[in-house]
Amino acid sequence: MRENVPRKPLPQPERLPFRMFSTESSVAGSTEAVAVDAESQFKEKPWEYLESEEYIEKYGSNPVWFGYRRNHKGQIPPQKTRKTCIRGKSICGNPCPICRDQNLFLDYRNVKLLEQFICPYTGITYHPTRTGICMKKYKQLTQAIQQAQENGLLPIHVPFMSYQNEDCSNQHPAVTKTPPSPALQSKVAWYDWYDWQQPPERDIKRIRRIYKNYLKEETGPP
């Protein structure tokens with residue numbers, strides 16, 4: 001019979017630490033570098049991104065939603081956009097024009113971005129089915145546009161109404177003079193209870209007894 005001889009574990013190669021987006025030797029420095037790269041540098045001033053070379057190279061003179069097409073089954077597109085593109089840490093395969101770019105922020109001061117979602121002729125915000133943004137970003141968009149209009153950064157569109165003289169004139173066959181009321185002609189009220197009715201003497205004495213300390217003496221004309 002063979003004796004059970006304990007086997008020695010084979011030597012494993014040394015695992016080197018994996019550092020992403022960092023060339024520093026310390027692990028603490030690598031985590032800081034990742035955090036800086038993950039956060040956008042245009043978060044405090046999002047309007048500066050629309051003037052940067054990166055934005056011009058990516059979008060040019062077109063709006064951010066130009067050419068966007070959502071992935072869907074079949075030939076008929078869905079009648080409404082998705083609720084949100086980012087759920088926790090998971091991102092959908094084809095996010096909307098706002099969610100796909102981490103440098104775009106819907107801020108009321110970012111007027112150039114908000115104007116891309118407003119019709120220049122009617123002043124109405126484009127429907128999400130045209131721009132392709134999700135419903136979560138569309139709600140933030142409408143709030144930012146309303147706040148920008150309240151602060152005077154965006155104009156409030158008032159539709160022009162042209163009035164003709166015939167519409168506002170009272171010189172028309174269908175417009176006649178309103179006849180005076182019967183009370184003005186015969187000086188008689190329409191109903192009996194419109195006229196003055198003398199209260200009973202019994203009620204007058206009761207009121208005088210209750211408020212006798214507050215009533216002033218009746219005096220004649222001077």
Side-chain angles (χ1 to χ4, degrees), residues 9-10 12-119 124-151 153-154:
L10 298 176
Q12 297 182 356
E14 183 180 358
R15 295 183 179 180
L16 299 176
F18 180 73
R19 303 182 182 90
M20 186 182 297
F21 304 111
S22 177
T23 56
E24 299 180 3
S25 58
S26 62
V27 179
S30 62
T31 55
E32 293 178 358
V34 172
V36 171
D37 292 339
E39 187 176 357
S40 175
Q41 59 180 345
F42 302 100
K43 187 175 182 179
E44 298 297 332
K45 298 180 180 180
W47 55 88
E48 293 182 353
Y49 174 63
L50 277 74
E51 300 177 356
S52 62
E53 297 181 358
E54 180 182 356
Y55 175 84
I56 297 174
E57 183 180 357
K58 183 181 293 185
Y59 300 103
S61 59
N62 299 321
V64 295
W65 50 267
F66 180 79
Y68 174 80
R69 185 180 182 274
R70 177 184 172 185
N71 296 337
H72 57 85
K73 296 181 180 179
Q75 298 179 356
I76 302 176
Q79 299 300 320
K80 57 182 180 180
T81 58
R82 60 174 66 93
K83 293 183 178 181
T84 180
C85 300
I86 303 174
R87 298 179 183 273
K89 296 182 180 180
S90 60
I91 306 176
C92 63
N94 186 18
C96 70
I98 300 296
C99 296
R100 67 183 178 183
D101 196 341
Q102 63 176 356
N103 295 325
L104 293 176
F105 296 94
L106 294 173
D107 195 301
Y108 76 96
R109 299 168 297 176
N110 198 358
V111 180
K112 290 186 178 181
L113 179 61
L114 300 180
E115 287 178 345
Q116 298 180 7
F117 296 89
I118 301 176
C119 180
I124 301 175
T125 307
Y126 289 134
H127 198 267
T129 54
R130 178 172 181 178
T131 57
I133 60 175
C134 59
M135 300 306 298
K136 181 179 179 180
K137 293 299 179 181
Y138 179 72
K139 184 178 180 180
Q140 298 177 5
L141 175 67
T142 53
Q143 294 176 354
I145 291 176
Q146 184 179 1
Q147 189 175 1
Q149 291 176 348
E150 293 176 353
N151 288 272
L153 301 178
L154 283 177

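With sequence neighbours left out, the salt bridge (charged side-chain N to carboxylate O under 4.0 Å, His left out) criterion links Lys58 to Asp101.
Within the model, atoms CZ of Phe42 and CG of Leu50 stand 9.5 Å from one another, a figure rounded to the nearest 0.5 Å. Taking CD of Gln102 as the start and CD of Gln41 as the end, the distance is 9.5 Å to the nearest 0.5 Å. Put simply, OG1 on Thr142 and NZ on Lys137 are 12.5 Å apart, with the number rounded to the nearest 0.5 Å. For the atom pair NZ (Lys136) and CG (Leu141), the distance works out to 14.5 Å, reported to the nearest 0.5 Å. With rounding to the nearest 0.5 angstrom, the CD1 atom of Ile145 is 3.5 Å from the OG1 atom of Thr125. Rounded to the nearest 0.5 Å, atoms OG1 (Thr84) and CD1 (Ile91) are 10.0 Å apart.
What you find for Leu106 and Ala144 is that their closest heavy atoms are O-CB, 4.2 Å. Heavy atoms only, all atoms of each residue included: Tyr59 and Arg100 are closest at CE2-NH2, 4.2 Å.
For the side chain to side chain contact (heavy atoms under 4.5 Å, CB included) with Tyr108, the lone residue among Gln149, Gln147, Gln143, Glu150 that qualifies is Gln147. With Cys85 as the partner, the side chain to side chain contact (heavy atoms under 4.5 Å, CB included) test is satisfied by one option alone out of Ser90, Pro97, Cys134: Cys134.
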Compile the donor-acceptor pairs under 3.5 Å between side chains in residues 60-74 and protein atoms, sequence neighbours left out, one pair per line.
residue : atom : partner : partner atom : Å
Trp65   : NE1  : Gln116  : O            : 2.9
Tyr68   : OH   : Asn94   : O            : 3.2
Tyr68   : OH   : Pro95   : O            : 3.2
Arg70   : NH1  : Lys80   : O            : 3.3
His72   : ND1  : Gly74   : O            : 3.4

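Taking the six-membered ring for Trp and thresholds of 30 and 60 degrees, Tyr49 and Tyr55 have ring planes more than 60 degrees apart, a perpendicular arrangement.
A donor-acceptor pair under 3.5 Å is formed between the side chain of Asp107 and the backbone N or O of Arg109.
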